[in-house]
Participant: 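If you scroll down you'll find the structure; I have some questions about it.
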Protein chains: 2
Amino acid sequence: MLEDLRQDDYELLARIARRYYVDDRTQEEIAREFALSRPKVQRLLDRARRSGIVEIHIQAPPWLNLDLEDQLRETFRLADAIVSPSRSDPQSQREAVARSAAQYLGRCLRDGTVVAVSHGRDTGEVPRFFHPGRRLDCTFVSAMGGSPRVDAPTNPNEICRALAERCGGRAASLYAPAYVESAEMRDRLLAQEAVAHTLRVAAQASVALVGIGGTDDGCTMVRSGCLSMDEMARLRAQGAVGDVLGNYVDIEGRPIASPHQDRLVALSVDDLRRIETVVAVVSEVEKPPAILGALRAGVIDVLVVDAGNARAVLDMAGASGPNHPRPRAASPRAQEVIGRATVR
Amino acid sequence: MLEDLRQDDYELLARIARRYYVDDRTQEEIAREFALSRPKVQRLLDRARRSGIVEIHIQAPPWLNLDLEDQLRETFRLADAIVSPSRSDPQSQREAVARSAAQYLGRCLRDGTVVAVSHGRDTGEVPRFFHPGRRLDCTFVSAMGGSPRVDAPTNPNEICRALAERCGGRAASLYAPAYVESAEMRDRLLAQEAVAHTLRVAAQASVALVGIGGTDDGCTMVRSGCLSMDEMARLRAQGAVGDVLGNYVDIEGRPIASPHQDRLVALSVDDLRRIETVVAVVSEVEKPPAILGALRAGVIDVLVVDAGNARAVLDMAGASGPNHPRPRAASPRAQEVIGRATVR
DNA sequence: TTCGCGACTGAGCAATTGATCGATCGTACC
DNA sequence: GGTACGATCGATCAATTGCTCAGTCGCGAA
């Protein structure tokens with residue numbers, strides 16, 4: 001980086017840089033002082049910065065993990081990454097991550113924004129910390145079906161309702177289970193206008209708030225009764241490491257072709273990819289492989305995660321394979337209001 | 001300095017500061033990204049800088065001694081101070097200082113500028129390094145009389161001639177010795193129009209280039225035969241530590257009232273004070289007390305000095321008395337072209 | 001509840017800064 | 001010596017930034 005500067009140059013650059021950055025003079029003043037033209041001063045300042053004579057350091061608190069965020073962003077070509085500080089207790093860890101996600105979500109939303117929402121324990125914590133400050137005319141829509149067991153706060157419909165309540169927006173529920181008994185049943189359900197309509201709205205969302213599921217026996221899909229332990233074991237045997245909206249992927253981010261896929265009532269991976277800002281929230285300790293798979297699948301734009309998982313994922317990623325199969329267009333962190341039809 | 005920031009604030013400030021200073025986004029972009037107004041981002045950035053979250057460091061080479069310059073500027077309320085790197089050999093030390101002074105001088109000059117010039121070995125080296133690059137329609141005028149012994153390069157007239165030659169300007173000589181035999185003789189000399197005119201021009205200079213003389217037996221005044229060793233001893237006995245243009249001062253910067261003063265053909269201390277930018281050049285090792293006295297006399301605006309003397313003067317100053325008896329108006333390092341009548 | 005105070009906000013404008021472009025200058029190669 | 005190339009320069013203009021000011025909001029006291 002450091003150019004090979006002549007001593008005179010070095011001296012002039014340092015002097016000018018000090019005048020500008022430390023003494024807060026204007027380039028104009030400096031130009032007069034050193035009998036140079038203003039553009040020349042500008043070029044010198046530029047050179048001083050590029051050559052490393054001027055060092056700007058952001059004194060970030062160590063718990064901020066800005067470096068981890070940068071690495072995540074870069075490694076996985078994310079639009080953004082937010083790493084929340086480590087907590088030893090799983091519940092407070094979940095809350096920390098959810099708080100960050102809620103803040104982020106708040107920044108994404110404009111009147112008229114449609115947000116597709118998944119299920120999950122992490123996702124389910126988000127509404128508690130969602131304080132957008134002002135009324136937002138947004139629509140929160142379930143992006144996948146519900147779970148048979150009553151486990152209210154982790155069900156997408158319930159999360160949508162809570163989010164909508166927090167900001168004065170609307171919730172659009174999906175009246176269907178996440179997994180049905182057969183592909184045929186799924187197709188018949190999708191033919192129901194109530195279901196089809198909700199999924200169409202979800203597919204046209206500009207923001208999605210999703211969790212990343214694991215494949216262990218304690219994962220949400222199993223706990224909530226969507227899938228049995230046997231089914232989960234079969235998925236694991238097929239190489240599944242995690243899911244987004246019930247779409248399972250392997251460690252390389254490739255979709256798992258399995259019968260489950262045909263019984264799923266949820267947005268597909270392709271639907272997700274078309275959504276501008278997909279925000280994933282994850283905090284559990286068993287998650288690194290699932291996160292890595294999801295990231296490599298290229299469905300995630302923004303990852304909100306705890307420091308432990310972030311480090312683990314980066315370590316795993318460094319050890320194997322390509323990490324960004326889908327170079328996405330740089331999507332702005334907060335998109336403009338889109339004059340999109342909203343549902344009632 | 002560091003305010004007591006709340007954790008949230010801290011996080012936001014750090015994030016925004018990083019986006020701005022590290023990622024080079026505009027405030028506008030950042031405002032969009034964080035859903036804030038642009039002025040708000042500005043205020044946050046401002047706070048981040050003032051609170052020390054953003055640290056800007058100028059990676060100056062150690063031989064630059066920018067810190068010494070700052071201390072000199074501050075301690076003695078100088079418009080500027082330039083410290084040149086230490087050299088072991090007195091002659092190359094002198095050259096280093098003279099080079100800095102020449103550069104500085106070059107920056108001060110505009111067409112029409114009048115420069116009053118003293119004698120001295122350090123001053124005498126300046127012309128060799130004076131390369132203003134372009135023709136300058138300046139007038140260099142002797143601010144004190146010459147010395148009886150032929151010691152060409154340290155005589156003010158000769159220095160003026162050399163400087164003028166370097167930039168294509170004019171030299172105005174003072175046809176008088178520095179010290180004459182009596183006060184009466186001095187007055188008669190000053191009545192000569194040739195002498196009076198030159199001194200008037202010198203008094204109206206906007207820049208002065210002066211040395212600071214010592215009071216040891218090897219100083220320029222003695223070497224050049226202006227004063228005898230006896231006279232010098234008498235001055236020392238009166239407390240004199242050094243001179244500027246033959247005006248001797250004590251360690252506190254007070255003028256020495258002595259018969260010599262009345263025999264001197266040179267600008268007075270008051271004349272010097274009226275000159276906008278008085279640049280003093282000093283390099284010799286015996287000089288710290290002389291420099292301190294001259295600085296305290298408040299006649300110097302810009303000090304060009306070697307690192308050794310700089311440190312010594314600051315040490316001495318720290319140990320005793322007030323250092324800036326005359327708070328000067330902040331004078332710009334390079335003044336504007338002044339439509340002042342020039343002499344031919 | 002209402003009022004007053006102070007802090008904060010963002011619109012709008014002025015100053016500063018960044019970037020482009022043709023002109024000029026030095027230099028290396030023919 | 002002549003020519004062509006590249007570097008450098010400063011005039012100029014557009015973008016960005018700093019700052020002021022009137023308006024708003026929340027909060028505590030009456």
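Side chains are part of it too, since the values below use all heavy atoms of this structure and drop only hydrogens, waters and symmetry mates. Note on naming: letters A, B, ... go to the chains in the order of the sequence lines (proteins, then strands), and numbering restarts at 1 for each one.
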Participant: Could you check how far CG of Leu45(A) sits from P of dT17(C), rounded to whole Å?
Facilitator: 9 Å
Participant: When the distance from CG of Leu44(B) to P of dA7(C) is rounded to whole Å, what number comes out?
Facilitator: 17 Å
Participant: How close or far is atom P of dT17(C) from atom CD1 of Ile16(A), stated in whole angstroms?
Facilitator: 13 Å
Participant: Asp89(B) side chain to Ser92(B) main-chain N or O, any donor-acceptor pair under 3.5 Å?
Facilitator: yes
Participant: CZ of Arg49(B) versus P of dT17(D): gap in Å, rounded?
Facilitator: 13 Å
Participant: Does a side-chain N or O from Gln27(B) land closer than 4.0 Å to OP1 or OP2 of dT16(D), or not?
Facilitator: no
Participant: Counting side-chain heavy atoms from CB outward, which of dC21(C), dG10(C), dC13(D) is closest to Arg43(A)?
Facilitator: dC21(C)
Participant: When the distance from CD of Glu28(B) to P of dT16(C) is rounded to whole Å, what number comes out?
Facilitator: 20 Å
Participant: Quick one: Arg25(A) CZ to dT17(C) P, roughly how many Å, whole number?
Facilitator: 13 Å
Participant: Roughly, in whole Å, what's the span from OH in Tyr21(A) to C1' in dT16(C)?
Facilitator: 13 Å
Participant: If you measure from the Lys or Arg side-chain nitrogens to the Asp or Glu carboxylate oxygens, is any gap between Asp70(B) and Arg73(B) under 4.0 Å?
Facilitator: yes
Participant: Before accepting this row, confirm whether a basic side-chain N of the pair Arg49(B)/Glu55(B) lies closer than 4.0 Å to the acidic partner's carboxylate O.
Facilitator: no
Participant: Output the rounded distance in Å from CZ (Arg19(B)) to P (dT17(D)).
Facilitator: 15 Å
Participant: Counting side-chain heavy atoms from CB outward, which of dT16(C), dG18(C), dG12(C) is closest to Arg38(A)?
Facilitator: dG18(C)
Participant: If we count only N and O atoms by modelled type, under 3.5 Å, do the side chains of Asp306(A) and Ser283(A) hold a donor and an acceptor together?
Facilitator: no
Participant: May I ask you to verify if any side-chain N or O of Gln42(B) is less than 4.0 angstrom from the OP1 or OP2 atom of dG18(D)?
Facilitator: yes
Participant: It should be established whether Lys40(B) places a side-chain nitrogen or oxygen under 4.0 Å from OP1 or OP2 of nucleotide dG10(C).
Facilitator: no
